[in-house]
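The chains referred to below are lettered A, B, ... by the order of the sequence lines, with proteins before strands, and numbering in each begins at 1.
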Protein chains: 2
Amino acid sequence: MSKGPTIRDVAARAGTSTAVVSYVLNDGPRPVAPETRARVRAAIDALGYRPNRSARALRANRTGTLGLVVPDLAKPFFAELTRAIEDAAFARGHRLLVGSAQFDAGHEEQQLQALVDAHVDAVLLAPAHDPAAALELLRRAELPHVLVHRTVGAAPGVAGDDLDAGRRAAAHLSGHGYRRVAVLGAAEGDDPVGRRTRGALAGLAGPPDAVVECAFTDLRGDAYRAATRLLAGPVEAICATTDEHALGVIRAAAEAGRVLGTDLGLISVDGTELGAYLGLSAVTTPFAELGVAAVGAVLDGAPGRTVPMTLVTRSSCGCVAPDAERKRPGPRVPEEGRDASRVRRKEPRSLPPPGS
Amino acid sequence: MSKGPTIRDVAARAGTSTAVVSYVLNDGPRPVAPETRARVRAAIDALGYRPNRSARALRANRTGTLGLVVPDLAKPFFAELTRAIEDAAFARGHRLLVGSAQFDAGHEEQQLQALVDAHVDAVLLAPAHDPAAALELLRRAELPHVLVHRTVGAAPGVAGDDLDAGRRAAAHLSGHGYRRVAVLGAAEGDDPVGRRTRGALAGLAGPPDAVVECAFTDLRGDAYRAATRLLAGPVEAICATTDEHALGVIRAAAEAGRVLGTDLGLISVDGTELGAYLGLSAVTTPFAELGVAAVGAVLDGAPGRTVPMTLVTRSSCGCVAPDAERKRPGPRVPEEGRDASRVRRKEPRSLPPPGS
DNA sequence: TTGAAAGCGATACCAG
DNA sequence: CTGGTATCGCTTTCAA
C-alpha cells in the first residue's frame, strides 16, 4: 500500500537532486553545502524516509549483513558466542544472518552457500570439523571471512588461547594439591579440545591419572560415562576441557554422591554463564571481546588473533565454599601461583576408598 | 572481482531471452517449452549461475529472509527456540536474521526497526515485555508477523498451552503424593509464567504451600533465593514455571544437600535440553513443531495456534531413579525406591494419565 | 557544489 | 511460447 518515500521524494521536497541526497546519506563521495545538507536532512525526517537496503545492496554491492555459522546454536557455548557476535555486529550497524549446522558438514556447507547467495558482506564461521572445504568455498566466493573459536593454518581466525587455557586450568588443580587428576578431552586434534588437552597435560604438576577421549558430538554423554568410571577409582580431581564435558562430570558426581569442590575437584575451560551458575570454576572465554574481535577482523580487515582467557574460580575446584560463593561476589581468587597458599581444602576430606 | 555470471549470460548461452530464464528460474509466471527449459537449465549449471538476491529483492520486493527477535539469545530456552526457527526457515528456503534484545525494550525496538529496514519478508517476535508497541511498529510497517512463546489479544501468536502445561506439571507432583508444594512463578501477568503459575495453582490437589513471585530478568537468581528459603521449611516439592526457575532450585537443593526426586520433588515447564540433561522432569515445549508453526504462520498466513506440550518425566520429580534414568530410556514409570533413603515422599502413586 | 543520467540484475508486462 | 524492455531505488560518474 503506502510504498514509503524514496530518495526521489526526498530530493523533490528538498528542492535538489537524488545525487545530493545520496551524498548526504552516505556522507560522500562528494561534499554538500551545509545549508543544502540541512534541507535534505529536514526533508528526510519530515517524510520519515528510510533508504531501501535492497536497492543499495544491488547498486553498492554491500548488504550491511554478516553471516555466522555455528555447529549448534542450541549449545550454551555457541549460543553465548552468537549473542556476542550479534551484539558486536549490531553495534557496528550490521545485521546478522545465523545458521546452525547441527554438527553436520553437509549442512554447514549449505548454510555457507546460502550466505554467499545472500551476498553477506562477510562470513564468520565456527567450524565443527576440519574447515578446509569451507575455507575453499569462501575463498572462491572472494568473501571476507574469519574462523572463530577454531583456527587452522594461516586462515584468519579469532579464538581463545586454548593451549594456555588448558595449562592454567590444570595448573590450578595442581595448585590445590590434587594429585590424582584426570583430563577429559582429546590428546590429538588441532581444535580447541585438542589444544586444551595438551595444555592441561603440560600444566599438571605430575603425570595425569588418566586422559579420556571424548568425541565431538556428544561431549556431555562421553564425559558422563568417563566420569562415572573414573569416580569408581581413586581420582581426586577432573580437568574438563569444555563446559559440556564438565556438565557430564557434574551429573556423574551428583549421582555418585560426590560434592564438587569437596569430594571432587573440577575445573573446565569455556566459562559459559551456565557453568558459572552451577558453580563451575573455569578458564573463561571473553565472549564480548571475542565477538568484537571477530567482527573487526572481517569489517576492518583486522588480523585474526587469539584472545586471552581468564581463570574464574568458583566452588567446583574447592576455591570457594559452595554455599559461600554467592555471598561473596568480591575479588576473584588470584592466579594459579597463589592458589595453593590461599585456599587449601581445609581438612582434605577423605576421598572414598577405591572400590567402595 | 570476478563478477559472476548474470541472467543475461545465461540467456545468451541458452540462446534465449532473460525473460525466459526468469520464467524457468521462478517456474512462472509464463510457461516455458520443455526443450527451452532444458537448454536454460544446462546453461545455468554450465556457468554455475547463482541469481543475485539483491536484485531480486529490489525488483520482486521479497528478500527470502525472515527476522527473529528474542529477549536473550544466550538463554537456553531462547537458544533452542532460535535453532528450531532457523531450522524451519532454512527448510523453507529462507534465511534468518537474528536479534537479541538483551531484555531491553529499547533494544528490542531497535532490532525490530533494523529488521523492517532490512526488508525481511516477515518478523517473528518473542517479546520480553508487553508487545503492544512492537506490534504497532510491525503493523505500521505492514509486515507479516507472529508472536512466539507469548501471545496477546488478537495478534497472531504461536505458543505452548501454558495454562494446561502448568496444570499438568502441578498435577503430576500431586499425583506423586507430594502435599506441601510450592509454586515458583507469578500469579499475575498475561505471559507464559503467569499462565503456567495459574495453571499450576489449579492443578494442585490441595492449596499450595507457597507461591513465590520471581522477576522476569533474573529468574534463576530469584528462584535460587526463594528455594533456599523454602528448603528451610517443610516444603516437599517445588513446581517451577520455567527451566530457569528450576536451575535456581537445583542449585539451592544441591547446596542444601537435598537430592532431587528423593529429598525434594521438582518439576518445571519448558523442557530445554539442558534441563533434560540435569534430570529435570518437565512439561516440555515441542520446539521443532513450534518453529514450523511460527514460520508457517508468517509464510503461509496460517493462523496462530497454541501447541500442546508434553510431560516428560525424569528423576527430579521422583519418577525415575537418578542413576537408573540413563540406563533405561524406555517408558518412564514411577518405581518403588530400591533403598530406604529414597522414601521421603508420602505415597508413591502412579502417574496421572498422560494428557489428563 | 550540484544534477542528469547510466546502470546494478532480475522480474514480468505486453506484444509478437 | 518467446522476447524486448520498462522498472525497482539507489550510487556514482561526468559535465556544468
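Residue contacts shown for A/Val32 are limited to sugar-phosphate atoms, with no base heavy atom under 4.0 Å away. At the heavy-atom level, B/Ala33 lies under 4.0 Å from the strands shown only through sugar-phosphate atoms. Contacts of B/Asn61 with the nucleic acid, taken as non-hydrogen atoms under 4.0 Å apart, are absent. Within the 4.0 angstrom heavy-atom criterion, base atoms lie near A/Ser22.
Not one side-chain nitrogen or oxygen of B/Asn52 sits closer than 4.0 Å to the OP1 or OP2 atom of C/dC8. The side chain of A/Thr6 places no N or O atom within less than 4.0 Å of a non-bridging phosphate oxygen (OP1 or OP2) of D/dG9. Phosphate contact (OP1/OP2 of D/dT2, side-chain N/O of B/Thr36, threshold under 4.0 Å): present.
Relative to the side chain of B/Arg59, the nucleotides D/dT12, D/dA6, D/dC1 differ in distance, and D/dA6 lies closest. Checking C/dG3, D/dT12, C/dA10 against the side-chain heavy atoms of A/Pro29 singles out D/dT12 as nearest. Taking every side-chain heavy atom of A/Ala55 into account, D/dG9 is the closest of C/dG9, C/dT2, D/dG9.
No side-chain donor-acceptor contact under 3.5 Å links B/Asp270 and B/Thr285.
For C/dT1, the base has no donor-acceptor partner in the side chain of A/Arg30 [N/O atoms by modelled type, under 3.5 angstrom]. Under 3.5 Å, the side chain of A/Arg56 and the base of D/dG9 form no donor-acceptor pair of N or O atoms. If you check distances only, the side chain of B/Thr18 does reach the base of D/dT5 with a donor-acceptor pair under 3.5 Å. If you check distances only, the side chain of B/Tyr49 never reaches the base of C/dG9 with a donor-acceptor pair under 3.5 Å.
Considering only heavy atoms from C-beta on, B/His145 stays 4.5 Å or farther from B/Leu125 through its side chain. Contact annotation: the side chain of A/Val292 never approaches that of A/Glu289 to less than 4.5 Å [non-hydrogen atoms, C-beta and beyond].
The CG-C1' distance, from B/Leu25 to C/dT11, rounds to 10 Å in whole Å. At whole-Å resolution of the value, CZ in B/Arg37 and C1' in D/dC1 are 11 Å apart. Going from atom CD of B/Glu35 over to atom P of D/dC1 covers 12 Å, rounded to whole Å. Atom CZ in B/Arg62 sits about 19 Å away from atom P in C/dG9, given to the nearest Å. Following rounding to the nearest Å, B/Leu58 (CG) and D/dC10 (P) show an atom-to-atom distance of 9 Å. Whole-Å rounding puts the A/Arg39 CZ to C/dT1 P distance at 14 Å. Rounded to a whole Å, the CZ atom of B/Arg53 is 20 Å from the C1' atom of D/dG9. Here D/dT7 presents its P atom at 19 Å from CD1 of A/Ile7, a figure rounded to the nearest Å.
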Show your reasoning for whether salt bridge (charged side-chain N to carboxylate O under 4.0 Å, His left out) applies to A/Arg92 and A/Asp300.
CA-CA 11 Å; A/Arg92 300 280 244 113; A/Asp300 310 325; 2.5 Å; yes
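Residue whose closest nucleotide on DNA chain C sits further toward the 5' end, between A/Ser17 and B/Ser54: A/Ser17. Between B/Ala19 and B/Ala60, the one whose closest nucleotide on DNA chain D sits nearer the 5' end is B/Ala19.
Using a 30° and 60° split on the angle between ring planes, A/Phe78 and A/Phe103 fall in the perpendicular class, above 60°.
Distance CD/B/Glu80 to NZ/A/Lys75: 8.5 Å, rounded to 0.5 Å.
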